[in-house]
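Before any comments, here is the structure.
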Amino acid sequence: MTSPTEHPQPDPAEPEEHPREWWQEPGLPWKHKPTRADIACLSWMGAASLYGLILLPLRPVILGLAPQVLGSLGYRTGLVMTGALGSLGDPWWPLVTLLGSLMAMKFDWIFWWAGRLWGHGLIEVWSGRSERARRRNKRAIAFTHRFESWAIFLTYLPIPLPAAVVYAALGAAGTKLSKFLIVSFLSSLFTSGLYVYLGWSIGEPAVAALDAYGQYLWYLSLAILAGMLFMAFRNRNRKKAPGVPGPPPA
């Protein structure tokens, strides 16, 4: 006979806790049920990542056929070639410089917004279990908090400073969007002008190299596409927790 002071044993058929909701899965940056803003921001990040993946195998072809178009999309090689063509009389380099400056910063606000919504949780997701990535991102956060505007400027130079981490850290720190966009545009305009000037300085040799490169551009694009398909095929059976899309390929 059971004593009234004894605790009843739990029924093993009954679950001990409620099942985890989809938004509680590891690999997601929020600690609460996502709002419309959370879903919208994550969707924009996915669109930015998809855009970069689509353009990755197409960039060699665009560079060979219409370097001004690639420059207008904000890619450095296109801006350099636009400058080289400008030195030979092409009149479109001022417009390409302006459009390229705007397009180079087209996704920056998304990562600023993500940092504002989720704080450093987003950066922790990107770091994953890699201690090396964690140390690198911590250094980037510390540098961003100390120098702020200079940190934005440096993300437009070809140096190993993780731009998305910088922008997310600024959003988490409460930097105003207006200030962030103004500094981003001025930085983008200045560096785009540098790339165009570099191409202008090289001039005709760069154009001649582009003409020679044009014979192989389709092969390069196909090789990049084959590499992407191989990586997708190799990873198809790996189970991964839901995650946050990273920044698009530069």
Gap separating the [atom1] atom of [X] from the [atom2] atom of [Y], nearest 0.5 angstrom:
X      : Y      : atom1 : atom2 : answer
Leu161 : Ile152 : CG    : CD1   : 11.0 Å
Thr191 : Leu79  : OG1   : CG    : 8.5 Å
Ser187 : Ile182 : OG    : CD1   : 11.5 Å
Met45  : Trp113 : CE    : CH2   : 11.0 Å
Asp108 : Leu170 : CG    : CG    : 10.5 Å
Asn137 : Thr144 : CG    : OG1   : 10.0 Å

query: If you draw a 6.0 Å radius around NZ in Lys138, do more than 12 non-hydrogen atoms from other residues or ligands fall strictly inside?
result: no

Do side-chain atoms of [X] reach the backbone of [Y] as a donor and acceptor pair under 3.5 angstrom?
X      : Y      : answer
Ser201 : Tyr197 : yes
Ser49  : Gly46  : no
Arg136 : Pro160 : no
Thr82  : Gly78  : yes

Looking at every heavy atom in both [X] and [Y], which two are closest together, and how far apart are they?
X      : Y      : answer
Lys33  : Asp38  : O-OD2, 4.4 Å
Phe185 : Ser101 : CE1-CB, 4.3 Å
Gly119 : Ala172 : CA-CB, 3.7 Å

task: Carefully, step by step, assess Ser184 and Trp112 under the rule side chain to side chain contact (heavy atoms under 4.5 Å, CB included).
output: CA-CA 11 Å; Ser184 292; Trp112 174 93; over 6 Å; no

task: May I ask you to check whether Tyr167 and Thr155 show a side-chain donor-acceptor distance below 3.5 Å?
output: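 There is such a pair between these side chains.
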
Check: Gln68/Asp90 side-chain N/O donor and acceptor closer than 3.5 Å: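 Note: Gln68 and Asp90 side chains meet the donor-acceptor criterion.
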
query: Can Lys179 and Ser149 be said to form a side chain to side chain contact (heavy atoms under 4.5 Å, CB included), step by step?
result: CA-CA 9 Å; Lys179 177 182 178 180; Ser149 296; 3.9 Å; yes

Between [X] and [Y], what is the ring plane arrangement, given parallel below 30°, perpendicular above 60°, and tilted in between?
X      : Y      : value
Tyr51  : Phe107 : perpendicular
Trp200 : Trp93  : perpendicular
Phe153 : Trp150 : perpendicular
Trp109 : Trp44  : perpendicular

message: Can you tell whether the side chains of Glu124 and Arg134 come within less than 4.0 Å, N to carboxylate O?
response: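 No, no charged N to carboxylate O under 4.0 Å.
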
Any side-chain heavy atom of [X] sitting closer than 4.5 Å to one from [Y]?
X      : Y      : result
Trp118 : Ile123 : no
Phe111 : Cys41  : no
Pro67  : Leu85  : yes

- request: Take Ile141 and His145 through the side chain to side chain contact (heavy atoms under 4.5 Å, CB included) test and state the conclusion after the steps.
  value: CA-CA 6 Å; Ile141 293 171; His145 288 171; 3.4 Å; yes

message: Would Glu204 and Ser87 count as a side chain to side chain donor-acceptor pair (under 3.5 Å) here? Give the steps.
response: CA-CA 8 Å; Glu204 189 172 355; Ser87 70; over 6 Å; no

task: Please test Val165 against Arg139 for side chain to side chain contact (heavy atoms under 4.5 Å, CB included), starting from the C-alpha separation and ending with a verdict.
output: CA-CA 10 Å; Val165 172; Arg139 289 195 297 267; over 6 Å; no

query: Any chain of hydrophobic side-chain contacts (each under 4.5 Å) joining Leu154 to Val166?
result: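 Yes, because Leu154 and Val166 connect within a single hydrophobic cluster, where side-chain heavy atoms sit under 4.5 Å apart.
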
